[in-house]
Amino acid sequence: MIGFLHTAAVHQASFQGLLDELAPGTPAEHLISERHLERAREHGLDEVTRAEVRRDLDQLAENGAEVIVCTCSSIAGLAEEYGAQAGGPLPVPVLRVDRPMAEAAVRAGRRIAIIATSASSIDPTSQLLDACARAAGREVELVPAPCLSAWELFTAGDTDGYAREVATHARRLATDVDVLVLAQASMAPAKDLLTDLPTPVLSTPRLGVEGALRHRAA
């Protein structure tokens, strides 16, 4: 079974849809804890956030998850550290959904734009990209490109407007970078509006689910 830890209810359907497409019949459990992102945005990864995230990961493991995917980039690094593959106390691996995207990004180009609609995602994504670049022996230049005005559209449930605003923002950057990274899972629909760009556009959900399936099969 694959466990998913989400911080927005909308992600359950999208990640389950990807799992059904890529590996039909694979059992899954989705745990939604919106408070994690809310608290991370307000207080950072404080001890309360850390304890609550670990409690949710423990619950998924106790319910039978063989691998857990944290789909929120703001808390994904914290979640990954708690997993068995990182030497943490949890008996199963925890994968941050953005790691496969980051690994692909450092392969795709040197100058990488980090587009985020939540400020709490920028630093964790930057740190991950730096780590992936070092591991791959590559030099990268990171270009933080927040699109914070779009977040209100997402929280209001206007997912189409949200995707359009992110896509418009990405187009303004495309000629100045080698690759565009959509840092949050919620931003993935914007990628479908950017298929005409010559600049690669990377998002997390599909790559993250593929990574989880590889880990489960290993």
Side-chain angles (χ1 to χ4, degrees), residues 2-8 11 14-15 18-19 22-23 26 28 30-31 36-37 40 45 49-50 53-54 56-57 60-61 65-110 112-118 120-145 178-188 191 200-218:
I2 296 179
F4 291 92
L5 177 58
H6 307 294
T7 56
H11 294 326
S14 58
F15 277 88
L18 282 168
L19 187 60
L22 296 169
T26 301
H30 299 265
L31 181 56
H36 297 331
L37 179 55
L45 300 180
T49 301
R50 291 174 180 274
V53 168
R54 290 167 180 169
D56 285 348
L57 295 172
L60 286 167
E66 301 166 86
V67 60
I68 299 170
V69 180
C70 179
T71 66
C72 176
S73 57
S74 294
I75 63 167
L78 163 63
E80 187 181 59
E81 291 172 2
Y82 196 56
Q85 89 288 2
L90 202 68
V92 300
V94 180
L95 306 181
R96 55 185 298 168
V97 72
D98 49 358
R99 181 172 291 281
M101 177 191 68
E103 293 171 343
V106 301
R107 293 193 300 267
R110 186 186 68 83
I112 302 171
I114 303 170
I115 304 175
T117 59
S118 174
S120 62
S121 294
I122 295 174
D123 284 348
T125 305
S126 298
Q127 292 164 11
L128 175 62
L129 285 163
D130 272 333
C132 289
R134 289 195 301 271
R138 295 176 179 268
E139 291 187 5
V140 295
E141 179 184 355
L142 304 181
V143 182
D178 299 317
V179 57
L180 296 159
V181 161
L182 305 180
Q184 297 150 236
S186 62
M187 303 166 71
K191 182 178 179 180
V201 181
L202 301 178
S203 63
T204 61
R206 178 176 292 273
L207 293 173
V209 173
E210 290 173 346
L213 289 169
R214 287 195 299 271
H215 212 94
R216 181 172 177 263

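Worth knowing before you read on, the calculation uses all heavy atoms, side chains too, and leaves out hydrogens, waters and symmetry mates.
Between H36 and D56, the closest heavy-atom pair is NE2-OD2, 2.7 Å. For the residue pair I2 and R216, the shortest heavy atom distance occurs at CG1-CD, 3.8 Å. Residues I75 and A40 share a closest heavy-atom pair of CG2-CB, 4.3 Å. For the residue pair L129 and V106, the shortest heavy atom distance occurs at O-CG1, 3.7 Å. A pairwise comparison of heavy atoms in T125 and S73 identifies OG1-CB, 4.3 Å as the closest pair. Taking both residues in full, the closest heavy atoms of I68 and A61 are given as CD1-N, 4.1 Å, listed atom of the first, atom of the second, then distance.
The distance between the ring centers of F15 and H6 falls below 6.0 angstrom.
Listed by chain and number, the residues in a salt bridge (Lys or Arg N to Asp or Glu O under 4.0 Å) with R134 amount to none (sequence neighbours excluded).
We find the CD1-OG1 distance between I122 and T117 to be 9.5 Å, quoted to the nearest 0.5 Å. The OG atom of S120 sits 5.0 Å away from the CG atom of L37 when rounded to the nearest 0.5 Å. For the atom pair L180 CG and I115 CD1, the distance stands at 5.0 Å (nearest 0.5 Å). A distance of 5.5 Å separates CG in L78 from CG in L45, rounded to the nearest 0.5 Å.
At a threshold of 4.5 Å between non-hydrogen side-chain atoms, the residues C132 and R99 count as touching. A heavy-atom distance below 4.5 Å is not found between the side chains of L18 and S14.
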Between side-chain atoms of residues 202-215 and protein atoms elsewhere (two or more places apart, or another chain), which donor-acceptor pairs fall under 3.5 Å?
{"unit_1": "R206", "atom_1": "NH1", "unit_2": "E21", "atom_2": "OE2", "d": "3.1"}
{"unit_1": "R206", "atom_1": "NH2", "unit_2": "E21", "atom_2": "OE1", "d": "3.0"}
{"unit_1": "R206", "atom_1": "NH2", "unit_2": "E21", "atom_2": "OE2", "d": "3.1"}

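Screening residues 85-96 for side chain to side chain donor-acceptor pair (under 3.5 Å), with sequence neighbours left out, gives R96-D98.
Side chain of R138 to backbone of R110: no donor-acceptor contact under 3.5 angstrom is found. Without hydrogens or angle criteria, Q184 side chain to S121 main chain gives no donor-acceptor distance under 3.5 Å.
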